[in-house]
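The shown structure was predicted, so the numbers you read here are calculated from the model rather than taken from an experiment.
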Amino acid sequence: MAFLLWYTNYFVDIASEKKVDPKSIKELEKLGTISTNADFSAWHVKSQLSEEDFNRHLNTILKDYDISSEDITVTKGIDGGPLQML
């Protein structure tokens with residue numbers, strides 16, 4: 001039922017020297033819909049995961065690409081979805 005879908009906006013800032021295109025990492029597709037800036041240092045992710053699950057999965061995935069969790073800052077944005085506007 002599409003009407004009951006919800007999502008949370010997560011903003012990911014990566015301060016690492018090593019940048020990676022999130023669209024090239026298959027595992028990141030499971031986190032949600034990702035858009036990024038030109039140099040891949042800031043991502044916007046629309047995800048249905050809770051904040052704790054999102055952070056855990058993101059850190060695990062990026063560790064495989066030599067990006068430390070200390071270099072990642074995740075900011076939770078406004079929850080959204082069809083019911084949010086009611």
**Study point:** Residues Trp6, Gln48; criterion side chain to side chain contact (heavy atoms under 4.5 Å, CB included); working and verdict
**Key:** CA-CA 6 Å; Trp6 58 270; Gln48 291 183 322; 4.3 Å; yes
Rounded at 0.5 Å granularity, tell me how far [atom1] in [X] sits from [atom2] in [Y].
{"X": "Ile67", "Y": "Asp64", "atom1": "CD1", "atom2": "CG", "value": "10.5 Å"}
{"X": "His57", "Y": "Glu52", "atom1": "NE2", "atom2": "CD", "value": "10.0 Å"}
{"X": "Phe40", "Y": "Ser16", "atom1": "CZ", "atom2": "OG", "value": "14.0 Å"}
{"X": "Lys23", "Y": "Ser35", "atom1": "NZ", "atom2": "OG", "value": "6.5 Å"}
{"X": "Ser68", "Y": "Glu70", "atom1": "OG", "atom2": "CD", "value": "4.0 Å"}

Review point. Is Lys46 positioned over the aromatic face of Tyr7, cation under 6.0 angstrom from the ring centre and no more than 45 degrees off axis?
Key: yes
Review point. So, does Asn37 use its side chain to make a donor-acceptor pair with the main chain of Ala42 at under 3.5 Å?
Key: yes
May I ask you to test the [X]-[Y] pair for a side-chain heavy-atom distance under 4.5 Å?
{"X": "His44", "Y": "Tyr10", "value": "no"}
{"X": "Phe54", "Y": "Asn59", "value": "no"}
{"X": "Ile25", "Y": "Pro22", "value": "no"}
{"X": "Leu49", "Y": "Leu31", "value": "yes"}
{"X": "Ile61", "Y": "Leu28", "value": "yes"}
{"X": "Ile14", "Y": "Trp43", "value": "yes"}

Revision key, fill the gap. Note: Glu27 and Tyr65 closest approach over all heavy atoms is OE1-OH, 4.1 Å
**Study point:** Intermediate values then yes/no, side chain to side chain contact (heavy atoms under 4.5 Å, CB included), Lys19 and Ser41
**Key:** CA-CA 7 Å; Lys19 304 291 193 246; Ser41 64; 3.5 Å; yes
Review point. Could you walk me through whether Asn9 and Val45 pass the side chain to side chain contact (heavy atoms under 4.5 Å, CB included) check?
Key: CA-CA 6 Å; Asn9 290 296; Val45 184; over 6 Å; no
**Study point:** Step-by-step side chain to side chain contact (heavy atoms under 4.5 Å, CB included) determination, Asp71 to Leu62
**Key:** CA-CA 10 Å; Asp71 294 333; Leu62 291 181; over 6 Å; no
